[in-house]
Enquirer: 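Provided herewith is a single structure, encoded as structure tokens, for subsequent inquiry.
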Amino acid sequence: MKLTDLSALETREKFLSGDIDCVELVQAYLENIKKEDDEINAFITVMEDSALEKARELDERRDRGESLGKMAGIVVSIKDNIAVKGVKMTCASKMLADFVAPYDAVVVDKLKKEDAILIGKVNLDEFAMGSSTETSYFGVTRNPVDRSRVSGGSSGGSAASVAAGFCSVSLGTDTGGSVRQPAAFCGLVGMKPSHGSISRYGVSAMANTFDQVGVLAKTVDDTAYVLDILEGFDARDATCIGNAALGLDAMKDAVPLKDLRVGIPEIFKTFDVQDEVREGFARTVEYMREQGAVVEYVPIESLALAISIYHILVNGEIAPNMSRFDGIRYGYRAEEYDSLEELYIKTRSEGFGEEVKRRIMIGSYIMSMDHSKEYFDKSLEMRHCMIVEFEEVFKDHDIILCPTSPTVAVPVDKELSPVEIYMLDLFTVPVNLIGTAGISVPVHRENGLPFGVQIIPRKGEDHQALATAKELEGNI
Ligand code: GLN
């Protein structure tokens with residue numbers, strides 16, 4: 001096996017035992033990046049010098065027998081809406097194309113303290129709005145499994161960087177599926193933990209009641225291991241309480257597959273799902289039953305409205321979040337203007353792409369006086385109904401199961417309407433609406449494209465999602 005195909009825990013093991021050096025490892029990844037990334041376009045910024053410097057430091061410290069952090073020997077890429085001090089943080093937007101982050105996000109600080117090697121900042125849909133990384137100002141990221149296809153989104157660069165052998169783990173963000181769906185498209189594990197598990201301080205806000213940092217990796221163990229390092233209470237993110245259910249140890253307390261009670265929302269039968277995903281999902285259910293799990297259909301009627309509720313609420317939160325990009329404080333500023341108003345208008349017209357503008361317009365409309373009751377408040381009520389419906393099902397089911405995405409990765413040049421693209425998030429947005437966790441486990445097929453099966457546990461029982469994922473990994 002090539003060095004760059006190893007999992008994060010494997011490279012760490014080999015580094016600690018002296019089988020490999022970090023410099024050798026980083027150079028192997030950099031070589032892949034140089035060879036392949038012109039076409040794949042996963043990176044916005046490659047942190048070659050600082051990665052090699054950190055690698056040298058780690059090699060020396062290991063050789064001197066000094067103590068090393070939990071991430072020593074693991075090379076990570078970071079989605080470019082997460083701040084790394086002194087490095088560009090573009091959010092894949094013209095608006096921030098030259099913006100350099102003045103401090104580290106809490107998640108980055110945690111990785112650095114544990115001796116992770118950061119190899120670069122990776123591509124995304126502009127400000128994380130999208131499902132294919134096609135709305136990036138820096139161009140689409142291609143899927144390493146089939147380069148004629150998208151890598152998914154919005155954490156498409158994260159997924160592609162791991163799948164292409166440019167690093168072994170990536171941090172992404174997930175507002176409506178942006179960690180899980182690209183992981184599924186690229187054949188990886190991707191997990192969004194329960195809302196409030198991980199601090200978002202230093203992460204560009206899209207929709208605050210939905211956003212959560214997540215991890216994309218090659219294995220469930222890698223995912224659990226890194227999430228354990230990232231989680232924890234943080235006073236700078238008022239919603240962040242931490243989550244003791246993340247990590248390798250916590251998985252031991254989960255219900256095993258043989259005793260598992262699984263619910264599949266009945267309404268998903270009526271959704272438009274590609275044949276290969278439908279078949280793969282059916283095989284997964286069959287496997288779970290063979291192992292002793294009880295799998296049955298459950299009613300969650302509000303799911304029929306999930307995409308509508310999601311877009312009303314998310315856009316309502318996006319519009320005010322985007323108002324900070326005004327050409328005054330930071331980022332892009334239009335060159336010619338005659339008044340303050342014109343400065344705002346030109347800056348925002350020139351600095352934002354189509355999709356971001358669409359969401360600001362819809363969000364502003366929804367939040368305006370006359371409409372907020374009709375749309376926003378009603379959607380909040382529906383969100384609550386959905387939470388109640390899920391809670392009901394969770395009374396006698398340990399997890400809910402569904403595909404991660406209704407399709408495999410779509411071709412890059414396939415022209416989809418915005419609504420068709422939104423429908424790709426059919427199975428992922430409910431998880432963010434109810435605030436629980438979701439993990440996508442890859443289903444690999446010979447001669448076929450990978451896709452994912454999603455496991456949804458009760459809120460805060462993230463260890464259950466990880467443990468079931470681990471039992472399915474490699475078997476479905
Ligand atoms: N695809 C979804 C959207 O466009 C989710 C994005 C995300 O999770 N960041 O809103």
Side-chain angles (χ1 to χ4, degrees), residues 78-82 90-93 122-136 140-141 150-159 170-185 190-195 198 200 203-216 306-319 321-322 352-363 366 379 383 403-407 409-410 416-440 452 454 456:
I78 310 283
K79 189 175 179 178
D80 209 17
N81 59 351
I82 302 176
T90 68
C91 294
S93 178
V122 282
N123 204 8
L124 61 148
D125 282 294
E126 186 177 2
F127 285 105
M129 299 173 204
S131 308
S132 59
T133 313
E134 289 173 297
T135 71
S136 167
V140 66
T141 296
V150 302
S151 55
S154 65
S155 312
S158 292
S170 186
L171 296 198
T173 58
D174 191 310
T175 302
S178 282
V179 163
R180 292 158 285 155
Q181 185 255 36
F185 280 9
M191 180 162 181
K192 176 207 102 75
S194 291
H195 196 71
I198 297 175
R200 299 167 301 171
V203 181
S204 162
M206 177 173 158
N208 310 56
T209 69
F210 294 78
D211 298 342
Q212 183 67 116
V213 174
V215 165
L216 298 94
I307 293 283
S308 314
I309 306 168
Y310 169 79
H311 277 278
I312 290 171
L313 294 177
V314 154
N315 290 338
E317 294 187 27
I318 285 173
N321 273 332
M322 290 294 120
F352 288 136
E354 281 282 294
E355 183 61 23
V356 175
K357 284 184 198 159
R358 180 178 297 118
R359 300 203 185 200
I360 293 173
M361 302 275 280
I362 298 173
I366 287 167
S379 297
R383 184 182 203 170
T404 306
S405 164
T407 67
V410 293
L416 296 173
S417 71
V419 174
E420 282 171 318
I421 293 176
Y422 300 160
M423 293 314 278
L424 296 179
D425 304 327
L426 207 58
F427 297 116
T428 46
V429 297
V431 168
N432 305 70
L433 276 164
I434 68 168
T436 188
I439 188 168
S440 179
Q454 184 180 213
I456 306 170

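Every number for a ligand or one of its atoms is a count from 1 in the order of the listing. Every value quoted in this text rests on a predicted model; they were computed, and no experiment measured them.
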Enquirer: Would you please name every residue forming a ring pair (Phe, Tyr, Trp, His ring centres under 6.0 Å) with His195, sequence neighbours left out?
Expert: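 Listed in chain order: nothing, the list is empty.
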Enquirer: Verify the distance criterion only: is there a donor paired with an acceptor across the side chains of Ser131 and Gln181 at less than 3.5 Å?
Expert: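 There is no such pair (donor and acceptor under 3.5 Å, judged by atom type) between the side chains of Ser131 and Gln181.
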Enquirer: Do Thr135 and Asp125 pair up side chain to side chain, a donor and an acceptor below 3.5 Å, judged on atom types alone?
Expert: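 Note: Thr135 and Asp125 side chains meet the donor-acceptor criterion.
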Enquirer: Regarding Lys79 and Ser158, do their side chains bring together a donor and an acceptor under 3.5 Å, going by distance alone?
Expert: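 The criterion, which ignores hydrogens and geometry beyond distance, is not satisfied for Ser158 and Lys79.
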Enquirer: With a 3.5 Å cut-off and no angle check, do the side chains of Asn123 and Thr133 form a donor-acceptor pair?
Expert: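 No pair is found: no donor N or O on one side chain lies under 3.5 Å from an acceptor on the other.
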Enquirer: List the protein residues in contact with ligand 1, where contact means a heavy-atom separation under 4.0 angstrom.
Expert: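 Close residues (ligand 1, cut-off 4.0 Å): Ala128, Met129, Gly130, Ser131, Ser154, Asp174, Thr175, Gly176, Gly177, Ser178, Met206, Tyr310, Arg359, Asp425.
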Enquirer: If I take atom OG1 from residue Thr175 and atom OH from residue Tyr310, how far apart are they, to the nearest 0.5 angstrom?
Expert: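 It comes to 5.5 Å.
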